[in-house]
Amino acid sequence: MGVCRYIVGVTGGIGSGKSTVANLFATLGVALVDTDAIAHALTAIEGRAIGAIRSNLGEEFIGNDGALDRAATRTRIFADVNVKLQLEAILHPLIRQEVDNALCSDAVSRTPYAMLVVPLLFESLTYRDRVYETLLIDCPTAVQIERVKLRSGLKADETARIIAAQLPRPVRLQLADAVVWNGGSGATLWPQIEQLHLHYVQNASIAR
């Protein structure tokens with residue numbers, strides 16, 4: 001199997017619009033590997049991680065449908081850091097395995113470059129060494145909170161607590177190689193994406 005020679009790491013806080021921006025890049029023929037999507041698949045009904053979660057954390061973490069109870073898990077994670085560490089110990093190796101399989105797939109190797117979407121990219125050395133460049137999706141905190149409310153129904157204080165647990169926005173801005181501003185209308189995204197796409201295609205061709 002081939003390996004895509006150029007990987008762009010995409011990150012951003014909750015509700016920043018990582019998936020929205022990445023999907024727009026996908027319309028230009030860019031392959032996407034999304035760690036959140038992988039994690040959801042692993043913890044869905046009959047997901048690969050469900051057995052280990054049930055055995056190590058308990059039945060109360062599993063919903064009536066057999067998938068991970070995300071609301072209950074989120075509450076327990078914030079109440080007990082050890083629960084968070086136990087869950088990460090189960091999920092992270094499986095996610096890394098799926099990511100590496102995807103990045104080495106024929107589908108990815110046929111694209112000029114690929115995007116690896118990782119919410120905690122700057123916090124994780126695991127994925128930093130897999131990417132050539134980093135792209136931050138940025139927007140105001142108030143916009144993040146409103147988007148999460150509309151998308152997931154989380155209350156503002158819950159979203160604010162999640163944001164507070166992530167790397168501060170100014171630090172992410174300083175660490176990123178490039179930034180897409182996603183605090184306005186959708187029309188403002190395309191010029192940024194088109195310019196970055198040309199940049200990544202050119203850099204990928206040089207890297208080869």
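Given the structure is predicted, the values throughout are model-derived calculations rather than measurements. As a basis for the values below, the full set of heavy atoms in this structure was taken, side chains included, without hydrogen atoms, waters or symmetry mates.
Taken from CD in E194 to CD in Q192, the straight-line distance is 11.0 Å, to the nearest 0.5 Å. Atoms CD1 and OG1, from I50 and T43 in turn, are 6.0 Å apart once rounded to the nearest 0.5 Å. How far CD of E88 is from OG of S124: 9.5 Å, rounded to the nearest 0.5 Å. Distance CD1/I38 to CD/E98: 6.0 Å, rounded to 0.5 Å. The CG atom of L121 lies 5.0 Å from the OG1 atom of T11; values are rounded to the nearest 0.5 Å. The CD atom of Q166 sits 6.0 Å away from the CG atom of L120 when rounded to the nearest 0.5 Å.
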Under 3.5 Å, which donor-acceptor pairs link side chains of residues 154-163 to any protein atom two or more places apart or in another chain?
unit_1, atom_1, unit_2, atom_2, d
E158, OE1, K155, N, 3.1
T159, OG1, K155, O, 3.3

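With Q144 contributing its side chain and I14 its backbone, the two residues share a donor-acceptor pair below 3.5 Å. The backbone N or O of R76 sits nowhere less than 3.5 Å from a side-chain atom of D80 that would complete a donor-acceptor pair. Side-chain N or O atoms of T75 include one that pairs as donor or acceptor with a backbone N or O of A71 at under 3.5 Å. Panel note: side chain E123, backbone L167; a donor-acceptor pair is recorded below 3.5 Å. Panel note: side chain T73, backbone R70; no donor-acceptor pair is recorded below 3.5 Å. Using modelled atom types, one side-chain atom of N182 and one backbone atom of S16 make a donor-acceptor pair closer than 3.5 Å. A donor-acceptor pair under 3.5 Å links the side-chain atoms of S109 to the main chain of D106, judged by distance alone. The backbone N or O of D177 lies less than 3.5 Å from no partner atom in the side chain of E133, so there is not a single donor-acceptor pair. Listed for the H40 side chain is a donor-acceptor partner under 3.5 Å among the backbone atoms of D36.
Pairing each heavy atom of A31 with each of V108, the nearest pair is CB-CG2, 3.9 Å. Annotation for Y6 and P112: closest pair CB-O, 4.3 Å, computed over non-hydrogen atoms. Across C139 and W181, no two heavy atoms sit closer than the pair CA-CZ3, 3.7 Å. Of all heavy-atom pairs between V131 and V8, the closest is CG1-C, 4.3 Å. Closest approach of I90 and P93 over heavy atoms only: O-CD, 3.7 Å. In terms of heavy-atom proximity, P140 sits nearest to G183 at CD-CA, 4.0 Å.
Looking at residues two or more places apart in sequence or on another chain, you find a salt bridge (charged side-chain N to carboxylate O under 4.0 Å, His left out) between D100 and R130. Remark: R147 engages no residue in a salt bridge (charged side-chain N to carboxylate O under 4.0 Å, His left out) (not counting sequence neighbours).
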Could you go through T126 and H92, starting from their C-alpha distance and side-chain angles, then the distance that decides it, and tell me whether this counts as side-chain contact (heavy atoms from CB on, under 4.5 Å)?
CA-CA 10 Å; T126 298; H92 284 187; over 6 Å; no

Run the side-chain contact (heavy atoms from CB on, under 4.5 Å) test on V118 and K18 for me, step by step, so that the C-alpha distance in whole Å, both residues' side-chain angles and the decisive distance to 0.1 Å come before the verdict.
CA-CA 9 Å; V118 186; K18 296 180 294 296; over 6 Å; no

Walk me through it: do Y127 and I95 pass the test side-chain contact (heavy atoms from CB on, under 4.5 Å)?
CA-CA 11 Å; Y127 296 108; I95 294 172; 3.3 Å; yes

Worked verdict on R169 versus D138 for salt bridge (charged side-chain N to carboxylate O under 4.0 Å, His left out)
CA-CA 8 Å; R169 182 184 172 201; D138 186 49; 2.7 Å; yes

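The hydrophobic clustering, which links ILVMFWY residues whose side-chain heavy atoms are closer than 4.5 Å, places V30 and I206 apart. The cluster map of Ile, Leu, Val, Met, Phe, Trp and Tyr, joined by side-chain heavy atoms under 4.5 Å apart, puts V179 and V10 in different clusters. In the hydrophobic clustering of ILVMFWY residues, with side-chain heavy atoms under 4.5 Å counting as a link, L32 and L136 come out apart. By the rule that hydrophobic residues join a cluster once side-chain heavy atoms approach within less than 4.5 Å of another member, V117 and L28 end up as members of one cluster. No continuous path of ILVMFWY side-chain contacts below 4.5 Å connects I77 to V148, so the two sit in separate hydrophobic clusters.
For the pair P119 and T35, the minimum side-chain heavy-atom distance is below 4.5 Å. The closest side-chain heavy-atom distance from L87 to F61 is not below 4.5 Å. Between F122 and V171 the shortest side-chain heavy-atom distance does not fall below 4.5 Å. When side chains are defined from C-beta on, V99 does not count as touching R96, because their heavy atoms never get closer than 4.5 Å. A 4.5 Å side-chain heavy-atom check between L135 and V180 finds at least one atom pair inside the cut-off.
Within 6.0 Å of the CD atom in E59, the count of heavy atoms belonging to other residues, nucleotides or ligands exceeds 12.
Checking R48 against Q97 by side-chain atom types alone, a donor-acceptor pair falls below 3.5 Å.
Taking the six-membered ring where tryptophan is involved, the planes of Y113 and F25 are perpendicular, since the angle between them exceeds 60° and thus also 30°.
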